[in-house]
Amino acid sequence: MGFDYDVAVVGAGVAGCCCARELARYDLATVVLEAGLDIACGATRANSGIVHAGYDPTPGTLKARYNVEGARLMPEWAHELGFSYVRNGAYVVAFSEDDACTIGELADRARANGVAGVSVITGAEARAAEPSLSDEVVAALDVPMSAICDPYGVAFAAAENAAENGVAFRFGARVATVEKRGEEGKADVGFRVTCEDGSVFTVRTVVNAAGVFADELNNQVSAHTLRIVPRRGEYCLYDTNRASAFKRTIFQPPTDAGKGVLVSPTVHGNLFCGPTSVPQQDKSAPDTTEEGLAYVIEQAKRTWPEASGRDVITNFAGLRASGESGDFVIGQPDDAPGFFNIACLESPGLTSAPAIAVDIAGQVAARLGAQKRADFNPHRAALKPFAQMSDEERAESVRRDPAMGRLVCRCRNVTEGELVSALHGPLPPLTLDALKWRTGATMGRCHGGFCTPEILKIASRELDIEPTAFVKSRAGSYLIASARPDYRALVSEGEPVAGAGVGATAHADAAVTAPYDVVVVGGGAAGMAAATRARVAGAERVVLIDREAHLGGIMKQCIHNGFGLSRFGQELTGPQFVWKEQRALDLRGAKVRAGMSVLRIDAAAHPGEPHTVVCVDDTGLHLVRTWAVVLATGSRERGAGAIGMAGSRPSGVFTAGEAQNLMNLQGCLPGTRAVVLGSGDIGLIMARRMTLAGMQVEGVYELMPTPSGLKRNIVQCLQDFDIPLHLSRTVVRLEGERRLEAVWIAHVDPATHRPIPDTAVRVPCDTLVLSVGLLPENEVAKSAGVELDRLTGGPVVDDRFETNVPGVFSCGNALHIHDLADYAAAEGDEAGSAAAQYVVAAKAATRASAAKAGVGAAPAGSVPETAAAAGAASLGAEAKPDSDRGVPIVAGEGIRYTVPQFVSFAEPSERSLSIAFRVSRAIERPRFSVEVVDEEGNATEVSARSGVVAVPAEMRHLRVDRTDLGNCATLRVSVKEGK
Amino acid sequence: MAERTSEADLRIGASAADAVKTRRAGDRPAAGAAAGSDGAPAVGIAAASGETKQLTCITCPKGCSITVAVEDGAIASVEGAGCRRGEKYARAEATNPQRTVTASLCVPGCLEPLSVRTAEPVPKARMADVVRAISQLTPQLPIEMDQVVCPDIAGTGVAVVATKRLPA
């Protein structure tokens, strides 16, 4: 009889993928059968990602053998296959004398297992190297060979290399039965593998890499039964801003349950803590639990006292396939020759996978008498991620493919070109999650809030599928419920490309062009205003750079009315507001470069030099030199990760802006039955929008005891449509394996803002829309060395909106979150005007000093070295220390923050100083006050105002007469409850 | 709907909005931030004689609380409006509440939907009709900013205009 394949590998986790790659070395026909729609759907996707050195397993076990060999192979594989591998080292810390004994034993085991370089160090030595480590640590095992990797990356690289070398992959093929066929020793000996979808494969050998299901397959063909008890592990993942906490992986002393809760950086630049270790019966994809996540943080505090829920961007859970013996089960059972187990692959399974793969492939080849292929290519032609390219490589990549210059995922700098090549790769992704794991798109801070709608278009176009057919992870996890019938045809036609050839400074001849006076980054309400005003205030060469094809930023999708009353004296919709700003911009002659993304700003290194704004579009990489920069980069929405919801990870969870984009810019309906979490204005607006579009909105739920949105929106968005608003509630859990099926909503203690246990009720819905706050977006600011305020999330600025980096200004939602676009635009006016004045004044000073030095007037657009002599007004001076920034404005009693944070005294005294601020809690009959505090601490009130009620959701302003600021050491804003 | 009305629920947004809450003449105006438990459903449009209405102005972001006294179907007084727009809104809201409707609709040949608005507010009670009628409009490219897409939507006498430009 004929066989379909020589080998069927069941399971495309890291073990199956590595094995497939090693099998591809031989002249064998191999198929990988995977139940999920992507590789690495099980334990591989959700584990710690540690390449263990091998000090932990008991000497003589399979774990010890494969761990040590795997750790040796891993860097070789990383080189050949191009996955991330970082040897960051590890400490196993001891908190007590008992623990110290334990790590002493581990050191002995390390020697027995042949692990080099392991030593015991003191707690003080450990803290010297890892300052975030707890004072309770008394000793540590130093394991320099320990490393981290991206487990999905390892599996994917191996799978893609296998596919390139001819291995077939079948997804959505869950193996139901494996039956022995033929007679041992005869040519027809083999197996009949039947999948749940009815497909049948006759194969000569089977590799059982089915993860938590490996026992069930083994038990169909062997009397040596296995029993796998899955153990759930839950994790918390932190924002990249926490990555600096630890260089090394920090383990706690191991127990019988495993290696305990560890804290470790990841190869993606995040930090995580976890896992828990809880045995469970259910083998399906695990949920996270509120208790588990709380436990992880509690335990992590032992090693990292600063651990908390703050900056946690997501949580996840995985299952380890723990066997009964405590060791791996590898190879053929004696009663089932040709059936090769890679079973019970709990930790250190990831590390061991390459070594096991080499062994098993060799055994399979030996059984089948296969020879090594001469044409096997062990190297994967991995595209270097755009985010990791040098400027030269980026310029070259855009030259070859203009789509490489179109940034889709702005958080991780993933380009359209990368998405397209991933979608047409050797192992094409079938889901959004697959695309995410392979390219990094949607994995950044915004969690896909910005780029998912764009990715939907690209996926529909490249895969030639209806947008409704594109799923998040599993069959049925659709992203949107409905789309216009001609969606696919329209995305295939492509969109006009804006921004190309708008006279951008090409990379090669960057030095030839004179610097701009002002570059404004971001074309939303604040940025458009800033560019216009910079021209009005005398800047000659002004350019506004925006990543999207059309200006307006988020206002483009705000099709509702309510904008413009203070700015234009007219009630406008978002697009109408943008239209008016655009006309002002055109009238004033600011240049616009749309479709261009700013990658970073290289701040002037020396006085007298301009800043360089590094940006990319589909015509190439551009180095735009400028004397002043206005950062109007806007904000992003707080996503699901920030709320710490437990449960499953279905599709159907959107940020309000994401849902708004899908509806208003793509004509799609996200779902049919929605719950809105958060009563911010965008959430209220979306509740109305979804209702008018025919969706059922179950209600708006707000964590705080007061609504966050404007009163008028409560009236016209909720009451008009009988949509209930529930205060002091939050979503604690998501339900649904594929698409969201329900959310669990708990009461919240108004004092602590924590959910009250046992109050959760189930609310069925297929869509959760999050309106839980905006966060200023300042990645570009950070690249320029701009100092950020922890409370506002935006730069620390003086009253000219200048940051600590001279010539770099900030405004709009990038500076602090505004309640109204009109106010953001007004701030743009101020910042744009200040930037222009800065450039004009500095140029004048330069010309004056040049004239004094007898050099003659400097030609316009160039600033000679003598600029350094021009003093405070010189261009491109070094970053200012606080002491040079003027008088600090401090948030006193009851005040959360102020903007600006300094008064520079550079403004004329007849202009009053306006201070924006928010209260830290709701306060009745507030009396706001600004006091001048002198060197001795004596306070004098210089401005005051009373109100009816003040809430944190509402920004307030106070004006101060500058002539009152004499003898002022500090300016203090405070609020008291009135009588 | 029973699960929606526990004590912390806020159907009317008592602390933020005392909108369209009808009170007998002589009653004290609704207290500002008292925890809202009396979530009375939105009251109908026509007011009986001798009543005052508490409204939250939706004209601008300030959200002024406005008291309108109605006697014999006519407005006797308007108090609390911070501006003339607000007073005008309150007068209309007390007798014939109106809303500006914004919506979007698909245009052949262009993925980005056309955003539109009613040029004037339409009667609140007609909003659903207006939205339905807008969804049945079939404008063609190119479309200019402020272009009239429908001169009289759903028989309200109010035009629907484009709020963005969609070139051919």
Side-chain angles (χ1 to χ4, degrees), chain A residues 457 484 486-487 490-491 493 495-496 556-557 559-562 565-566 571-576 578-579 663-667 689 692-693 698-699 702 705-707 709-716 718-722 724-729 747 750 761 763 819-820 822 922 924 948-949 951, chain B residues 1 3-6 8-13 15-20 32-33 35-36 39 41-42 55-65 85 93 97 99-113 115-118 124 127-128 131 134-135 145-146 162-165 167:
Chain A
K457 281 189 216 169
R484 55 192 293 175
D486 52 355
Y487 184 100
L490 289 167
V491 291
E493 281 168 20
E495 307 226 307
K556 292 196 295 290
Q557 66 189 51
I559 63 165
H560 54 279
N561 57 321
L565 270 177
S566 79
E571 196 193 45
L572 304 169
T573 69
Q576 288 178 311
V578 172
W579 177 257
M663 294 180 75
N664 295 351
L665 296 182
Q666 295 196 33
R689 181 78 184 97
L692 287 175
E698 296 295 325
E702 167 61 48
T706 50
L710 297 170
K711 293 171 192 174
R712 66 164 174 181
N713 285 334
I714 307 265
V715 174
Q716 64 185 1
L718 301 189
Q719 292 172 13
D720 276 2
F721 299 94
D722 281 334
L725 170 62
H726 308 269
L727 298 173
S728 294
R729 305 290 169 84
H747 289 247
V761 294
V763 178
D819 304 341
L820 297 172
D822 290 54
E924 302 247 358
V948 178
V949 63
V951 290
Chain B
M1 300 292 268
E3 74 278 12
R4 290 182 181 163
T5 50
S6 72
D9 289 354
L10 189 89
R11 179 173 288 268
I12 290 291
S15 66
D18 318 295
V20 285
L55 306 174
T56 294
C57 182
I58 64 170
T59 310
C60 90
K62 277 170 73 182
C64 292
S65 284
R85 269 179 217 276
E93 190 72 4
R99 296 289 184 267
T100 297
V101 173
T102 60
S104 70
L105 57 145
C106 291
V107 181
C110 179
L111 180 66
E112 185 174 329
S115 57
V116 298
R117 67 178 294 170
T118 54
K124 188 173 139 186
M127 266 198 294
V131 168
I134 288 175
S135 71
M145 181 60 113
D146 296 329
T163 60
K164 74 167 75 156
R165 181 173 174 269

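Owing to the predicted nature of the structure, the values given are computational and were not obtained by experimental measurement. By convention in this document, chain letters (A, B, ...) are assigned in the order of the sequence lines, proteins followed by strands, and residues within each chain are numbered from 1.
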Legend entry - Side-chain heavy-atom pair A:Q576, B:R117 within 4.5 angstrom cut-off: yes
Legend entry - Heavy-atom contact with chain B under 4.5 Å, split by part of A:L692: both
Inset, instruction - Select, from B:V101, B:L105, B:V107, the one with the greatest count of heavy-atom pairs under 4.5 Å involving chain A. - result: B:V107
Inset, instruction - Evaluate the side-chain proximity of A:H560 to B:T100: yes if any heavy-atom separation is below 4.5 Å, no if none is. - result: no
Inset, instruction - Taking the side chain as every heavy atom from C-beta outward, state whether A:R689 and B:T102 have any atom pair closer than 4.5 Å. - result: no
Inset, instruction - Answer whether the closest heavy-atom distance between the side chains of A:Q719 and B:T56 falls below 4.5 Å. - result: no
Legend entry - Stepwise side-chain contact (heavy atoms from CB on, under 4.5 Å) check, A:E571 with B:T59: CA-CA 8 Å; A:E571 196 193 45; B:T59 310; over 6 Å; no
Legend entry - Distance, nearest 0.5 Å, that separates OG1 of B:T118 from CG of A:N561: 7.5 Å
Inset, instruction - Can you see which heavy atom on A:M663 is nearest to which on B:P113, and at what distance? - result: O-CG, 4.0 Å
Inset, instruction - Name the option with the most non-hydrogen atom pairs under 4.5 Å to chain B; the candidates are A:A922, A:P750, A:G667, A:P575. - result: A:P575
Inset, instruction - Give the minimum heavy-atom separation between A:D720 and B:M127, together with the two atoms involved. - result: OD2-CE, 4.2 Å
Inset, instruction - Quick one: which of A:L665, A:L565, A:L710 has the most heavy-atom pairs under 4.5 Å with chain B, could you say? - result: A:L665
Inset, instruction - Would you mind checking which part of B:A128 comes under 4.5 Å of any heavy atom in chain A, side chain (CB onward), backbone (N, CA, C, O), both or neither? - result: neither
Inset, instruction - May I ask you to name which of B:S104, B:C64, B:G109 has the most heavy-atom pairs under 4.5 Å with chain A? - result: B:S104
Inset, instruction - Please round to the nearest 0.5 Å and tell me the distance separating atom NZ of B:K164 and atom CD1 of A:I559. - result: 7.5 Å
Legend entry - Greatest number of heavy atom pairs closer than 4.5 Å to chain A - which of B:C57, B:A162, B:C110, B:S115: B:C110
Inset, instruction - For residues B:P97 and A:Q716, determine if any side-chain heavy atom of one lies less than 4.5 Å from a side-chain heavy atom of the other. - result: no
